[in-house]
2 protein chains.
Amino acid sequence: MTRPTTKDLAKAAGVSLATVDRVLNRRSGVRKVTVERVTRAIADIGFVRDMSAANLARGKEYRMVFLLPDHDDEFIDLVCDSINEANRALHSERTSAVVIRVPANDPHRIAARLDELSADGVDGVAIMTPESPQVRDAISRLDSRGIAVVAFVSNQPNADNALFVGVNNEAAGRTVGQLMARFTGAQAGVVLVLTETIQSRDSQERRLGFDVIMAKYADRLTVRPTMETYGDPQRTTRIIHTALQGREPVVGIYLMHHDIGETMRAIESEGGAGEMVIIGHELTPDTRARLIDGTLDAVITQDVGHLVRSSIRILRAKAEQVGTIASQERIRIEITLRENMPE
Amino acid sequence: MTRPTTKDLAKAAGVSLATVDRVLNRRSGVRKVTVERVTRAIADIGFVRDMSAANLARGKEYRMVFLLPDHDDEFIDLVCDSINEANRALHSERTSAVVIRVPANDPHRIAARLDELSADGVDGVAIMTPESPQVRDAISRLDSRGIAVVAFVSNQPNADNALFVGVNNEAAGRTVGQLMARFTGAQAGVVLVLTETIQSRDSQERRLGFDVIMAKYADRLTVRPTMETYGDPQRTTRIIHTALQGREPVVGIYLMHHDIGETMRAIESEGGAGEMVIIGHELTPDTRARLIDGTLDAVITQDVGHLVRSSIRILRAKAEQVGTIASQERIRIEITLRENMPE
DNA sequence: CGATATATGAGGCACGCACCTCAAAAATCA
DNA sequence: TGATTTTTGAGGTGCGTGCCTCATATATCG
């Protein structure tokens, strides 16, 4: 009734412990037929190797790295907090995670930093940077050195050795669209879409999804082209000012970027935010406060703690060559209103 | 740079390994002053005991029990699936979880079953049954025998040794209220509230929260008293038939119970479900399909896999007397629309 | 103060596995 | 067939901890 051990496996396969060890740890010097005999015995008796005992014996410490962009926003802050929090719990699982910041817009620097990692005895890397050929190649190099990689929050669609941990941004955009359509009720008017820069793939995908839904309400809602703030408060204020001057009333605003504090202040200073429906992304101290006071109507979120823990679990599973619970690693597109806000 | 071990701790405290062991495992025969010296040393050098090594040495297998009501509905099915899924992963953590079904309305039987558990070498119990004095006392007995207990999905408000793993149902009700108010747009009319039985505490709390929000829209929306289906299809059809006959139009329906398949069929057969807003709870194969075809507008969910895993983590942490990551164990009130439905 | 009770130390074996060495067996080659 | 190479077995040590025994040191009491 108790779990089979390596001893049981040796007996079942009719080989010695030494050979079992050689097979389990892929050491050389074992005939193919013997490997197969052991493999069959593993399946027969349902042997699963006790990884905690193995890691104990091995004295192995897993080292994970999160490669994050070096600009500061509230979302990144949350990610760092979560990593620190996870680190404490990971301590007892012989795993640690560190953060490395890189300039998001310098693919060569990022790739170079990734290349350095292989020397440091790193076991896994979670990468949150825009995709680029340089990074894609660096990922492929990491992979061939046996270092596990996941794409964190931002997908790396062309790097097929990096599993994506994050949400489907197109679906997130559709979700916002649906909420926008329903929250604006029967009102007719203009819907604005703002982001920091349209360069970001996330923004593009969100917009795509948003438009899919908005198209169904074209008779009532007019969606304007995406306006870019470039993170510049003055520019932001100006474009919002202009947009609100239009003849048709603005009934909704979709803020696609992180760190919407500046933008929200600009909207308020221009007298918006009253009756219009405003929807943004990511639950931060700022957006929380705005959900409570009602200036934001809904926030689309991904659970940052979950993102971090899931990434680490996946990296570990890759390093240990074991499976994961798929349902546990699926990141949800969460809709947060004032009423269901956690805490 | 490496983690301190018991050896380091012994050296730091100026005692022997045997004494460290006595203190760590709360064995008797150690003077208070010595215990304190070791305790201080633990804090000083930041010792954290390697639980995987400890469990290995101890040969300990944690045995968890989920006590679930014996009636079958889709939600319970999901819970059982998740437990089985978790079990596979738990295998490598020396933990197993089994399900025991009990008649939900027989507090004495439930209490008796709980009392039996102590004999079986069970380490933790997750209880999903209506609260009752008998169960409350049985929980207290389990606690005094050192068996960890959590209240699973349904709170046990008077059992203070059972942590609650689930959502705040009053907040869930408020969330539904907010969605109902916004999704009905500017329409005026009647809102129906249905449940299987008003006896269920969950239903009562949800209704309470729902009414808080509905009260703000009293000029537009008239909320009817909760109607009970008693799980009887004919009765359900009859009360819905009557409700839809009224002079004022029905603009929304809130289904507070699990397993709303029957009720939805009754609504459809009575010609409802067309323009009205219908909101229910729990994401099951049935409600998924209804979100997709549009008969349901929104579903309020708790992540069942998360509920199960979180319960097990908490039970283990209690048994091992270690802490948990609070943010990881917080169950969210999830809003699921067609657009953000997982998978 | 000695007798007794209590605290503490030293050491060993075990858990399931990794990793090492050395010798013996089996397969391969000339 | 004998020499060489490859494969396998036997056995040991250690990872960090639990748990046990026995001897010794220290405190407590009459």
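Here the structure is a predicted model, which is why all the values come from computation and not from measurement.
A donor atom on one side chain and an acceptor atom on the other are found under 3.5 Å apart for A:Glu320 and A:Asn55. A side-chain donor-acceptor contact under 3.5 Å links B:Arg49 and B:Asn25. Side-chain contact of B:Ser327 with A:Glu85: a donor-acceptor pair under 3.5 Å is present, judged by distance alone.
Comparing B:Val30 and A:Asn55, the nucleotide of DNA chain C nearest to each residue sits closer to the 5' end for B:Val30. Annotation: of the two residues near DNA chain D, B:Thr6 and A:Gly29, the 5′-most nearest-nucleotide partner is A:Gly29.
Atom CD1 in B:Ile45 sits about 13 Å away from atom C1' in D:dG16, given to the nearest Å. Residue B:Leu9 contributes atom CG, which lies 9 Å from atom P of D:dT17 at whole-angstrom precision. Here D:dT7 presents its C1' atom at 17 Å from CG of A:Leu17, a figure rounded to the nearest Å. Distance, B:Lys60 NZ to D:dC19 P: 10 Å, rounded to whole Å. The separation between B:Asp8 atom CG and D:dG16 atom P is 8 Å, rounded to whole Å. What separates NZ of A:Lys7 from P of D:dA10 is a distance of 13 Å, to the nearest Å. We find that NZ of B:Lys32 is positioned 11 Å from P of C:dA7, with the value rounded to whole Å. Put simply, CG on A:Asp50 is 18 Å from P on C:dA14, counting in whole angstrom units.
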- prompt: Which letter, B, S or -, goes with each nucleotide of nucleotides 20-25 of chain C from 5' to 3', with contact meaning a protein heavy atom under 4.0 Å?
  reply: ------
- line: Letter by letter from the 5' end, nucleotides 23-30 of chain D scores (B base, S sugar-phosphate only, - none; protein heavy atoms under 4.0 Å) ----S---
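Between A:Ser16 and D:dT8 there is no side-chain polar atom (N or O) within less than 4.0 angstrom of OP1 or OP2.
For A:Arg58, the side-chain atoms get nearest to C:dA18 when compared with the rest of C:dG16, C:dA18, C:dT8. In the set C:dA18, D:dT17, D:dG9, D:dG9 carries the atom at the smallest distance from any side-chain atom of A:Thr19. Picking from C:dC17, C:dC15, D:dT8 the nucleotide with the shortest atom distance to the side chain of B:Ala57 gives C:dC15. Considering only side-chain atoms of A:Leu56, the nucleotide from C:dG16, D:dG18, C:dA18 that sits closest is C:dG16.
Nearest approach of A:Glu131 to A:Asn155, heavy atoms of both residues: CB-O, 4.4 Å.
Ion pairing between B:Arg332 and A:Glu334 holds under the 4.0 Å rule for side-chain N and carboxylate O. Between B:Asp123 and B:Lys318, none of the side-chain N atoms (NZ, or NE/NH1/NH2) sits under 4.0 Å from a carboxylate O, so this pair counts as no salt bridge. A salt bridge links B:Arg101 to B:Asp72: at least one charged side-chain nitrogen sits closer than 4.0 Å to a carboxylate oxygen. Taking the charged nitrogens against the carboxylate oxygens, B:Glu329 and B:Arg313 do have a contact shorter than 4.0 Å, which makes a salt bridge.
Under the side chain to side chain donor-acceptor pair (under 3.5 Å) rule, A:Thr95 has a single partner from A:Arg316, A:Glu61, A:Arg63, which is A:Arg316.
At a non-hydrogen distance threshold of 4.0 Å, nothing from residues 33-43 of chain A comes into contact with DNA chain C.
B:Asn25 comes within contact range of the sugar-phosphate backbone alone, with a heavy-atom separation under 4.0 Å but no base atom that close.
Between the side chain of B:Ser310 and the backbone N or O of B:Leu307, no donor-acceptor pair lies under 3.5 Å. Judged purely by atom type and a 3.5 angstrom limit, B:Ser82 uses its side chain to pair as donor or acceptor with the backbone of B:Leu78.
Distance CG/B:Leu67 to CG/B:Leu117: 7.0 Å, rounded to 0.5 Å.
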